[in-house]
Visitor: 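To start, I am sharing the structure in question, which I have written as structure tokens.
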Protein chains: 2
Amino acid sequence: MTAKKIEKDTENKILEAAKKVFVLKGLDGARMQEIADEAGINKALLHYYFRSKDQLFMMIFKVEIGNFFPRLIPILLSKEMTFDQKIYHFVENYIDLFLKNPFLPTFIIREINRNPQMVAQFFIEAGIESNNFKQIIAGFAGELGISPKEAFHLIINTVSACIFPFAGRPIIEQVFFDGNTAEYNHFLEERKKFVAEFVVNSIKGRMINTK
Amino acid sequence: MTAKKIEKDTENKILEAAKKVFVLKGLDGARMQEIADEAGINKALLHYYFRSKDQLFMMIFKVEIGNFFPRLIPILLSKEMTFDQKIYHFVENYIDLFLKNPFLPTFIIREINRNPQMVAQFFIEAGIESNNFKQIIAGFAGELGISPKEAFHLIINTVSACIFPFAGRPIIEQVFFDGNTAEYNHFLEERKKFVAEFVVNSIKGRMINTK
DNA sequence: AATTATTTTAACCAGATGGTTAAAATAATT
DNA sequence: AATTATTTTAACCATCTGGTTAAAATAATT
């Protein structure tokens, strides 16, 4: 390998190890020694590449909170899909993300509550405008003939139903599945269908109410 | 005050302080000195009353995870309420609990994921049977003419919608409310009505589907 | 082969932290 | 007033932890 490739390679090994440890244990629970071990290097080299724990943590956090935000905004804004199609699409992809990153929800919840200011800072740095979200809400409200407020609650309900089963897994798995991990994974897979149906049905049920 | 009352009083002061600090910062983030300060005593006395940090933490955790479980099982099993009434009752009371204990959801999520074994241990010690929950599921399934599986997803959806807005508060508040705390509190209050409606409507919408 | 870059070794430091101890001080009981 | 129980003071300890350093060793470049 060339010198520059070696450098990038080591950097990546560290970042992957740091992600694994920080996501699982959080800033407070993670140890630099553990990250070094996980990366297969020593502590001196770890500090040589990334000066401090906080700096390394922030790099991981920024990437992971970015992943946490669904890359589905264009889809939710598209004119070619109905509301139902958008919901099915969103739920399936969002739950899939967490099936691939099962500890992402817990990590985000833990860290944003430890230091809520990081959230505001992330939005400023990433240049994310809340306009997109408000546009989605307005779009749903228009298409479904409901108030923006109600459309917003609907979105929060949908997102909640995708995220919570991952964050609350230890309890639900224990109470309802007697700790059977395989069964719980099946349950999570199933939810792609059930959550979307649940949301779509709720709108249908609302329509008869107001008729 | 009598000697025994003084003892109980100090004990309570410590437990209240410990709850405050542990719930906010978690086991890893909490400091014994901070708990002592919060209780208005010194570290020596803190250790005199509760031998170790872990022991003190476990006392708090057991109480709080107990609070986390809705004391609403009898209501959900009652024969005198319809499904709709049960949902409205449950959602209102559960959200109310979190309005009074805003950091309870984050605390529980943080700690059960840090040490999932505590959950199983709690269930053994508290003697909680999963039969109650399974009975509620069966009851819903019977009353609504849906499968137990579907009834279970419904319950998880309902619980998710109550809990997540508290655990994910920093993000939602930032993205949709520009950090306006008062507005977010109003939104949470509103949800008592909207979440219940959402769930009830979903069942209504499902009924037309199968007709 | 000589030079340069990357990594390891291993000792070390300072500060934080959980926990202890014994004596002094304060408050309650008799 | 004397005794007993509660709390403070304050020094102290061992361990952990983030972080540093300089020299030796290994690998890549020229």
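Below, read A as the first sequence line, B as the second, and so on, with proteins coming before strands; counting in each chain starts at 1.
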Visitor: Walk along nucleotides 22-30 of chain C from 5' to 3' and tag each nucleotide B, S or - by protein heavy-atom contact under 4.0 Å, base first, then sugar-phosphate.
Guide: ------SS-

Visitor: From the list D:dT20, C:dG18, C:dT8, which nucleotide is the closest neighbour of the side chain of A:H47?
Guide: D:dT20

Visitor: Given atom CG of B:D9 and atom P of D:dA5, what is their separation to the nearest angstrom?
Guide: 19 Å

Visitor: Are A:R51 and D:dG19 close enough that a side-chain N or O sits under 4.0 Å from OP1 or OP2?
Guide: no

Visitor: Are B:F166 and B:Y94 near enough that their ring centres are under 6.0 Å apart?
Guide: no

Visitor: List DNA chain D stems (3 or more consecutive Watson-Crick/G-U pairs, under 3.5 Å)?
Guide: C:1-30 with D:1-30

Visitor: Which class fits the ring pair B:F57 and B:F61: parallel under 30°, tilted 30 to 60°, perpendicular over 60°?
Guide: parallel

Visitor: Rounding to an integer number of Å, can you tell me how far A:L56 CG sits from D:dG19 C1'?
Guide: 14 Å

Visitor: For A:E190 and A:K193: C-alpha separation, side-chain torsions, deciding distance, then whether salt bridge (Lys or Arg N to Asp or Glu O under 4.0 Å) applies.
Guide: CA-CA 6 Å; A:E190 242 177 28; A:K193 184 186 152 209; over 6 Å; no

Visitor: Restricting to salt bridge (Lys or Arg N to Asp or Glu O under 4.0 Å), what partner residues turn up for B:E80, sequence neighbours left out?
Guide: none

Visitor: Think B:T10 has a side-chain N or O under 4.0 angstrom from the OP1 or OP2 of D:dT6?
Guide: no

Visitor: Compare the minimum distances between each of D:dG18, C:dG18, C:dT9 and the side chain of A:N42, then state the nucleotide with the smallest one.
Guide: C:dT9

Visitor: Taking only N and O in the side chain of B:Y49, is any of them less than 4.0 Å away from OP1 or OP2 of D:dT7?
Guide: yes

Visitor: Run the numbers on A:K8 and A:E11 for salt bridge (Lys or Arg N to Asp or Glu O under 4.0 Å), then give the verdict.
Guide: CA-CA 5 Å; A:K8 276 282 164 210; A:E11 208 175 297; 3.8 Å; yes

Visitor: In whole angstrom, give the distance that lies between atom CE of A:M32 and atom C1' of C:dA16.
Guide: 17 Å

Visitor: Find the distance B:K13:NZ to D:dT6:P and express it as a whole number of Å.
Guide: 14 Å

Visitor: Given the side-chain rings of B:F22 and B:F107, with only the six-membered ring counted for Trp, is the space between their centroids under 6.0 Å?
Guide: no

Visitor: Report the distance from atom NZ of A:K5 to atom C1' of C:dA5, rounded to the nearest whole Å.
Guide: 17 Å

Visitor: Which part of the nucleic acid does B:A36 contact within heavy-atom distance under 4.0 Å: base, sugar-phosphate only, or nothing?
Guide: nothing

Visitor: Report the distance from atom OH of A:Y48 to atom P of C:dT9, rounded to the nearest whole Å.
Guide: 17 Å

Visitor: Would you kindly compare A:G40 and B:Q33 by the position of their nearest DNA chain C nucleotide and give the one closer to the 5′ end?
Guide: A:G40

Visitor: What I'd like to find out is whether the side chain of B:H153 reaches to under 4.5 Å of the side chain of A:V195, using heavy atoms alone.
Guide: no

Visitor: Would you find more than 12 non-hydrogen atoms of other residues, nucleotides or ligands less than 6.0 Å from B:Q85 atom CD?
Guide: yes

Visitor: Please tell me which of the listed nucleotides, C:dT6, D:dT8, D:dG19, lies nearest to the side chain of A:E7?
Guide: C:dT6

Visitor: Is B:S52 near enough to C:dG18 that one of its side-chain N or O atoms lies under 4.0 angstrom from OP1 or OP2?
Guide: no

Visitor: Write down the distance between NZ (A:K25) and P (D:dT17), rounded to a whole number of angstrom.
Guide: 10 Å

Visitor: At under 4.0 Å, does any side-chain N or O of B:R31 touch on OP1 or OP2 of C:dA16?
Guide: no

Visitor: Would B:E7 and B:K4 count as a salt bridge (Lys or Arg N to Asp or Glu O under 4.0 Å) if you check the C-alpha gap in whole Å, the side-chain angles of each, and the deciding distance to 0.1 Å?
Guide: CA-CA 5 Å; B:E7 208 177 331; B:K4 278 186 185 173; over 6 Å; no

Visitor: Quick check on the 6.0 Å ring-centre criterion: do A:F194 and B:F152 meet it?
Guide: no

Visitor: Check the distance between D:dG18's P and A:K43's NZ and give it to me in whole angstrom.
Guide: 7 Å

Visitor: Do A:K53 and D:dG19 have a side chain to base donor-acceptor pair shorter than 3.5 Å?
Guide: no

